[in-house]
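Worksheet: one structure, shown below.
All chains are named by letter (A, B, ...) in the order of the sequence lines, taking the proteins before the strands, and each is independently numbered beginning at 1.
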Amino acid sequence: MLLRPSRARGLLDGIPRRGPPAAAGYRAACELAPADGDALAAYAGMLARGFRPDAYTFPPLLKAVARRGGPAAAAPGAVHAHVVKFGLGHGAHEASALVAAYAAVGDGAAARAALLDSRGAPVAWNALISGHCRGKRFGESSRAFADMVRAGAAPTPVTYVSVLSACGKGRDLLLGVQVHKRVVESGVLPDLKVESALVGMYVDCADIDSAWRLFEDMEVRNVVAWTSLVSGLARLGQVDRARELFDGMPERDAVLWTAMIDGYVQAARFREALEMFREMQYSNVTADEFTMVSVITACAQLGALEIGEWVMVYMSRQGIRMDVFVGNALIGMYSKCGSVERALDVFNGMHSRDKFTWTAIILGLAVNGHGEEAIDMFHRMISVSEAPDEVTFIGVLTACTHAGLVHKGQEFFHSMTETYNIAPNVVHYGCIVDLLGRAGKITEALETIDQMPMTPNSTILGTLLAACRVHGNSEIGESVAERLIALDPENSTAYILLSNMYAKANRWEDVRRLRQAIMKKGIKKEPGCSLIEMNGMIHEFVAGERSHPMSNEIYSKLENIIADLRNVGYFPDVTEVFVEVAEEEKQKVIYWHSEKLAIAFALLSSEPNTVIRIVKNLRMCLDCHNAIKLISRLYGRVIVVRDRTRFHHFRHGLCSCKDYW
DNA sequence: ATAGGGTTAG
């Protein structure tokens with residue numbers, strides 16, 4: 001028996017306090033719906049008022065504690081001390097909850113000890129299996145199952161559900177098939193829950209055919225099985241098939257709706273995801289935290305800040321908790337909408353944070369040009385003993401790039417292996433190439449690529465090529481472009497960057513030659529596309545297109561804007577025009593770039609002085625960058641453009657990227 | 001008490 005009174009005291013001392021006052025929307029959401037940390041607060045309050053815990057007190061408390069993870073991992077021990085202190089250590093409910101909590105936070109030994117306390121009750125074994133599964137130790141789950149069988153405990157349907165879930169999440173099809181056989185031999189079938197779990201296991205192991213077969217053989221089908229199939233199909237890239245299935249379903253609950261919404265998110269069909277969410281509300285199914293995560297992610301990708309804000313209101317109205325997942329998603333959304341302040345509000349208001357929270361805020365700060373603050377956040381993360389992972393370091397390295405901290409970035413890069421035992425992957429090397437490239441150290445950047453232990457991919461070569469373009473190093477640039485084209489002949493970025501580089505070096509003959517080669521090969525530039533949200537609607541603009549209902553107004557507004565710009569010295573820079581057309585045509589091509597259309601639309605439709613936020617699918621061209629700088633000054637507007645790789649915050653005629661992108 | 005769907009990068 002583990003008894004640690006110090007931990008028990010720690011429980012009462014360590015009750016999370018509320019963060020500093022935060023903006024109204026999410027604070028309402030927090031207050032209406034206590035987060036996990038508040039379960040401990042409620043318990044402490046109960047003791048302070050002199051109430052004694054009973055058999056119903058600890059299981060939910062343990063569940064909340066186990067969910068928190070991270071540095072709070074010691075907490076099950078603290079609750080355990082109280083369980084013993086109040087003489088409740090012998091109930092099967094407490095024992096199972098303890099087993100599950102210990103297993104979920106990764107304390108396998110304590111979990112087994114608690115299991116012994118329950119004298120090996122089947123429910124406690126189930127708790128061990130599912131607890132390990134919650135803690136993402138799937139191998140431990142199946143080991144627990146094997147031990148259970150060996151110990152002679154009788155598996156229940158929940159046992160099979162739990163171990164099948166572990167097989168699926170661990171992507172262990174071989175083991176899953178073995179368990180399936182055992183299920184058949186055991187005689188529990190037909191059992192709706194077990195059958196659904198089998199379907200889910202095959203789906204998770206990407207064996208959709210087996211999943212289908214099982215599903216079709218089920219005499220009675222429930223929402224769980226349907227849901228597994230829907231999300232499985234979506235995950236395998238067959239969203240439309242998932243949708244057909246969804247449409248044919250007799251009954252739809254929140255989980256199924258969420259699976260469908262998330263299916264669209266996974267397929268990068270974000271507008272349809274939001275459309276589904278709208279339909280979900282019409283159908284009077286109440287969304288939950290899971291739904292919100294998918295919806296918020298869709299908003300993030302679309303840069304749909306207004307809808308995102310509305311989602312906050314919806315959450316507080318519906319009493320949906322702002323748990324760690326929702327909070328993390330919100331930080332990502334505000335960051336991706338270019339609103340660091342709001343991202344920080346959410347971060348500060350969160351009761352419990354995990355490594356994803358820290359990583360999200362570090363990335364959010366870094367990518368929006370607050371490099372130094374991002375690095376401060378990293379130090380804070382370390383000081384609260386949250387372990388960084390490889391993604392955290394992408395944020396940290398990006399921060400160094402944006403702050404121009406070459407030496408510091410290299411130090412962090414080395415610390416990955418030396419201090420944190422994280423092997424750098426190609427993306428980390430890409431960050432270093434970006435870091436060096438931005439500082440003009442092109443040769444060192446090239447050396448980094450040639451010396452790294454993995455083969456360079458097209459992204460990292462593209463990063464170097466972009467650096468060559470900015471710094472006018474056409475010598476290295478040409479050879480990098482050649483490598484890039486050899487690696488990925490259809491990659492239009494390579495041609496565009498190379499062409500831009502020639503243009504910068506006034507090598508017009510080479511530009512012409514390259515353009516002809518591109519035409520001959522039939523390589524098409526992905527059309528430029530910009531999104532802007534206005535009054536809760538997402539408007540899409542494609543370069544040169546007139547599909548928007550306000551097109552006539554927009555194009556004439558654009559003419560006025562350009563006339564205004566010319567009055568203050570703007571001259572169209574057509575050096576980066578990719579297509580081979582006459583000079584006047586090139587100007588039109590430039591004028592009708594999607595972000596310019598979106599800005600014209602925004603100037604027509606939005607309130608004065610409001611921030612204009614645009615999401616673009618490609619890298620911005622030099623001319624748009626120049627023009628938008630001027631627009632921000634001339635019209636007194638802050639304009640935030642999120643392009644494929646970075647953010648541009650235009651204000652008073654300047655851009656946060658300092659003209660490097 | 002144990003059970004289906006979730007968060008960070010490119």
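- As judged by a 4.0 angstrom heavy-atom cut-off over every strand, A:Ser165 is placed among residues touching the sugar-phosphate backbone only.
- The side chain of A:Asp354 lies closest to B:dT7 when the candidates are B:dA1, B:dT7, B:dT8.
- Checked by distance alone, A:Asn457 brings no side-chain donor or acceptor within 3.5 Å of a matching partner on the base of B:dG10.
- The phosphate of B:dG6 (OP1 or OP2) has no side-chain N or O of A:Lys136 nearer than 4.0 angstrom.
- Spacing between atom NE2 of A:His93 and atom C1' of B:dA1 amounts to 5 Å, rounded to whole angstrom units.
- At the heavy-atom level, A:Glu289 lies under 4.0 Å from base atoms of the strands shown.
- Phosphate proximity of B:dG6 to A:Ser294: absent, as no side-chain N or O sits under 4.0 Å from OP1 or OP2.
- Under 4.0 Å is where a charged nitrogen must lie from a carboxylate oxygen, and between A:Glu251 and A:Arg221 no such pair does.
- Taking atom CG of residue A:Asn617 and atom C1' of nucleotide B:dG10, one finds them 16 Å apart after rounding to whole Å.
- The distance between the ring centers of A:Phe58 and A:His80 does not fall below 6.0 angstrom.
- Here A:Thr258 lies in heavy-atom contact (under 4.0 Å) with a base.
- Within the nucleic acid shown, A:Asp434 has no heavy atom closer than 4.0 Å to any nucleic acid atom.
- When distances run from any side-chain atom of A:Asp262 to the nucleotides B:dG6, B:dA3, B:dT8, the shortest one goes to B:dG6.
- In this structure, A:Gln266 places its CD atom 11 Å from C1' of B:dG5, rounding to the nearest Å.
- Remark: aromatic rings of A:Phe347 and A:Trp358 are close, center separation under 6.0 Å.
- Judged by atom type and distance alone, A:Asp204 does not reach the base of B:dG5 through any side-chain donor-acceptor pair under 3.5 Å.
- In terms of phosphate contacts, A:Lys193 brings no side-chain nitrogen or oxygen within less than 4.0 Å of OP1 or OP2 of B:dT2.
- A:Tyr429 and A:Phe413 have their aromatic ring centers within a separation under 6.0 angstrom.
- As judged by a 4.0 angstrom heavy-atom cut-off over every strand, A:Leu363 is placed among residues touching the sugar-phosphate backbone only.
- With B:dT2, B:dT8, B:dA1 as the candidates, the nucleotide lying closest to the side chain of A:Lys63 is B:dT2.
- A:Ser196 comes within 4.0 angstrom of no nucleic acid atom, judged by non-hydrogen atoms across all strands.
- Among the nucleotides B:dG6, B:dA3, B:dT7, the one closest to any side-chain atom of A:Val161 is B:dA3.
- In this structure, A:Tyr429 places its OH atom 22 Å from P of B:dA9, rounding to the nearest Å.
- Remark: P of B:dA3 and CE of A:Met201 are 18 Å apart, rounded to the nearest angstrom.
- Between the CH2 atom of A:Trp358 and the P atom of B:dA9 there is a distance of 18 Å, given to the nearest Å.
- Separating the CD atom of A:Glu140 from the P atom of B:dT2 is a distance of 20 Å, rounded to the nearest angstrom.
- A:Asp434 has no carboxylate O lying under 4.0 Å from a charged side-chain N of A:Arg438, or vice versa, which leaves the two without a salt bridge.
- Between A:Asp643 atom CG and B:dA9 atom C1' the separation is 16 Å, expressed in whole Å.
- A donor-acceptor contact under 3.5 Å links the side chain of A:Asp288 to the base of B:dG5.
- In the set B:dT8, B:dA1, B:dG5, B:dT8 carries the atom at the smallest distance from any side-chain atom of A:Phe356.
- Using a 4.0 Å heavy-atom distance criterion, A:Val230 is classed as making no nucleic acid contact.
- Comparing B:dT8, B:dG6, B:dG4 by their closest approach to the side chain of A:Val391 singles out B:dT8.
- Checking each of A:Asp354, A:Ile296, A:Val293, A:Val346 against A:Asn328 for a side-chain contact (heavy atoms from CB on, under 4.5 Å) leaves exactly one that passes, namely A:Asp354.
- In this structure, A:Val326 reaches the bases: a heavy-atom distance under 4.0 Å links it to at least one base atom across the strands shown.
- Comparing B:dA1, B:dA3, B:dG5 by their nearest atom to the side chain of A:Ser130 picks out B:dA3.
- Salt-bridge formation is not detected for the pair A:Arg321/A:Asp288: no Lys NZ or Arg NE/NH1/NH2 atom is positioned less than 4.0 Å from an Asp or Glu carboxylate oxygen.
- Using a 4.0 Å heavy-atom criterion, one finds that A:Ala254 contacts the bases of the nucleic acid, with or without backbone contacts as well.
- Of the candidates B:dT2, B:dG4, B:dA9, B:dT2 carries the atom nearest the A:Val158 side chain, counting heavy atoms from C-beta on.
- Within the 4.0 angstrom heavy-atom criterion, only backbone atoms of the sugar-phosphate kind lie near A:Ser162; the bases stay farther away.
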